[in-house]
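Proteins get letters first, then strands, A, B, ... in listed order; numbering begins at 1 in each.
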There are 2 protein chains.
Amino acid sequence: MSASRTARERVRAELTREITDIARGQLATEGASGLSLRAIAREMGMVSSAIYRYFPSRDDLLTALIIDGYNALGEAVEKADAAVAREDHTGRWLAVCHAVRDWALAHPHEYALLYGSPVPGYKAPMDTVAAAIRDTVVYGRIVSDAHEAGVLNPRDGFPAPPAAFSGDAGRVRDIIPGVPDDVIARALLAWTGLFGWVSFELFGQFNNVILDPRAAFEHAMRCHAALLGLPA
Amino acid sequence: MSASRTARERVRAELTREITDIARGQLATEGASGLSLRAIAREMGMVSSAIYRYFPSRDDLLTALIIDGYNALGEAVEKADAAVAREDHTGRWLAVCHAVRDWALAHPHEYALLYGSPVPGYKAPMDTVAAAIRDTVVYGRIVSDAHEAGVLNPRDGFPAPPAAFSGDAGRVRDIIPGVPDDVIARALLAWTGLFGWVSFELFGQFNNVILDPRAAFEHAMRCHAALLGLPA
DNA sequence: AAGAAAAAGAGAGCACTGCTCTTGACGGGC
DNA sequence: GCCCGTCAAGAGCAGTGCTCTCTTTTTCTT
């Protein structure tokens, strides 16, 4: 029974995959708003309504693309982190930074889908969150490792986090375990700083100003590492 | 002659304004992709083709909205800065931070238009840049003032900017005049950190994690101030 | 004041879009 | 061998940006 059933299921999986592949291609050339189910169907030699057998709506296709995107970025970050010696926390941080930036530059529209403006009317379903934090989990492990190894400079001269922050810090600690509140706060700073920089570069805020973005980025991330307390 | 000329021109200006107002309303409720010239025309009791007498294309309307947005944000930032004593550089920085965040929270779709994903196929014309840097100019003045007043902590422990950065630093110095390269670098860090944070908060990256965003933001911006070298 | 010129509105139409509904064909489980 | 679920196809709805032509209104010039 399963042999014949899988025959059907296999072609279904195949077509589903082909749809997302073509959609990703459209995303790369036209952007999220240029995603057209009819155009996908045309390219597949299918009639437009047939697509709805595989994705009930445009938003569901979008969800699939978003999850794929988070996973692709997460995997890139995981690989970059794994390629550096585990005790070289600063090197791991920098590797992660470059992995994020390189992936974003290689897939600008996908990055925009993940970290840019939310698509209006689109509500991200819960399925996305697991994929969404893959990169953050890697980052959290680096910070935790560094703290555990005792190499995190206490960085005095910075204000102590207010009492109102402790609740939020606790929730962040699920991802960056075992570190005190002030490290949580600085870790958030570096993480938002990384994506803020990449977004500025990718979304054109640096146009005609930063002409050697890689060098500026590298230095900026080294500064963030220092702020975090990582050794130079 | 000008009296009669202005009669026509006045109604034209009036209608142009009405179009952008309705468009801004659409932007707030539907987002950028929900902008519909036909819906605007309908709301004005006009025929859709008539809109094209005022804006040759959807992109031109978008440009107008973008410029308006930059100006609105710039004005909010200017006001916030002006409300603080000129020598209180840290206070001015925090006021600017909150002005950006408050404006973004009040006009999320407009913020997304300015600092989120670029609209695919849309090429920002040169007219936008003057408006786009209004907020940055205010920020640059704060940093310059603080440096000139000699209150900027040198913040050693941070890596020195590489030689490759000097060219870019020079271009940034047009906006933050009179400060050395390392201050330029840290100023960029704080600025991108501010917008990175606001974008994370607004675009949902903090969902279910940061529940008291204002407190966390305030502390984060104080840390950025410290990184920059501003006195506590 | 009269006529030429410029500007604006109206409406039809083109080529698209997402999405729904119905119809007809195919193929595996009873 | 029937029967029902799965699927493709096609027509159709309501909407989009934009272009074209035609008519009306306003402004400028003589």
Side-chain angles (χ1 to χ4, degrees), chain A residues 1-20 22-23 25-27 29-66 109 113 119-123, chain B residues 1-20 22-23 25-27 29-66 113 119-123 125:
Chain A
M1 74 160 199
S2 74
S4 52
R5 150 151 280 176
T6 43
R8 215 216 282 273
E9 297 221 321
R10 226 170 42 199
V11 67
R12 186 183 176 83
E14 178 70 28
L15 283 181
T16 306
R17 183 175 168 68
E18 193 177 337
I19 291 174
T20 54
I22 296 179
Q26 282 195 0
L27 207 65
T29 58
E30 313 282 340
S33 63
L35 243 182
S36 158
L37 296 183
R38 289 180 117 107
I40 294 173
R42 220 176 298 133
E43 195 166 331
M44 294 179 67
M46 227 178 190
V47 101
S48 72
S49 56
I51 301 279
Y52 289 83
R53 297 270 173 205
Y54 299 87
F55 292 95
S57 80
R58 194 175 176 272
D59 280 7
D60 292 273
L61 176 53
L62 215 57
T63 299
L65 293 176
I66 289 176
H109 288 104
L113 201 58
V119 179
Y122 172 81
K123 176 85 175 54
Chain B
M1 73 156 203
S2 74
S4 52
R5 149 156 277 178
T6 45
R8 214 222 267 280
E9 297 222 320
R10 222 167 49 192
V11 66
R12 184 182 176 85
E14 178 68 29
L15 284 182
T16 305
R17 182 175 169 68
E18 193 177 338
I19 291 174
T20 55
I22 295 178
Q26 282 195 358
L27 207 65
T29 59
E30 313 281 340
S33 64
L35 242 183
S36 158
L37 296 182
R38 289 180 115 109
I40 296 172
R42 219 176 300 131
E43 196 166 329
M44 294 178 67
M46 228 178 187
V47 103
S48 72
S49 57
I51 300 280
Y52 289 83
R53 299 272 177 208
Y54 297 87
F55 292 95
S57 81
R58 194 177 176 273
D59 280 7
D60 292 273
L61 176 54
L62 216 57
T63 300
L65 292 177
I66 289 175
L113 200 59
V119 179
Y122 173 80
K123 176 86 175 54

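Listed in residue order, the members of residues 12-19 of chain B having a heavy atom less than 4.0 Å from DNA chain D come to none. Listed by residue number, the members of residues 54-66 of chain A with any heavy atom below 4.0 angstrom from DNA chain D are Y54(A).
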Kindly give the atom pairs (protein nitrogen or oxygen, nucleotide nitrogen or oxygen) under 3.5 Å for nucleotides 22-24 of chain C.
none

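Applying the side chain to side chain contact (heavy atoms under 4.5 Å, CB included) rule to E18(B) yields the partners L15(B), I22(B), M44(B); only residues at least two apart in sequence or on another chain are considered. With sequence neighbours excluded, the residues forming a side chain to side chain donor-acceptor pair (under 3.5 Å) with T63(B) are Y122(B), listed by chain and number. In this structure A39(A) satisfies the side chain to side chain contact (heavy atoms under 4.5 Å, CB included) test together with Q26(A), S36(A), R42(A), sequence neighbours excluded.
A straight line from CG of L35(B) to P of dG17(D) spans 8 Å, rounded to a whole angstrom. For M46(B) and dA8(C), the CE to P distance is 10 Å, given to the nearest whole Å. Taking atom CD on E9(B) and atom P on dA6(C), their separation rounds to 15 Å, with Å as the unit. Rounded to whole Å, the distance from CG on L37(B) to C1' on dC18(D) is 9 Å. Between the OH atom of Y52(A) and the C1' atom of dA9(D) there is a distance of 15 Å, given to the nearest Å. Summarising the geometry, the separation between CE on M44(A) and P on dA9(D) is reported as 11 Å, rounded to the nearest angstrom.
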Practice task
Mark up nucleotides 11-16 of chain C, 5' to 3', with B wherever a protein heavy atom is under 4.0 angstrom from a base atom, S wherever such an atom reaches only the sugar-phosphate, and - elsewhere.
Solution key: B-B---

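Here CE of M46(A) is found 11.0 Å from CD1 of I40(A). Values are rounded to the nearest 0.5 Å. I66(B) CD1 to L61(B) CG: the interatomic distance, rounded to the nearest 0.5 Å, is 10.0 Å. To the nearest 0.5 Å, the span separating CZ on R12(B) from CD on E9(B) amounts to 8.5 Å.
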Without placing hydrogens or testing angles, list every side-chain donor-acceptor pair under 3.5 Å for residues 47-58 of chain A, not counting sequence neighbours.
from	atom 1	to	atom 2	distance (Å)
S57(A)	OG	D59(A)	N	3.2
S57(A)	OG	D60(A)	N	3.4
S57(A)	OG	D60(A)	OD2	2.7
R58(A)	NE	L35(A)	O	3.3
R58(A)	NH2	A32(A)	O	3.1
R58(A)	NH2	L35(A)	O	3.4

Handout entry: Evaluation steps, side-chain contact (heavy atoms from CB on, under 4.5 Å), between L113(B) and V119(B)
Key = CA-CA 8 Å; L113(B) 200 59; V119(B) 179; 4.1 Å; yes

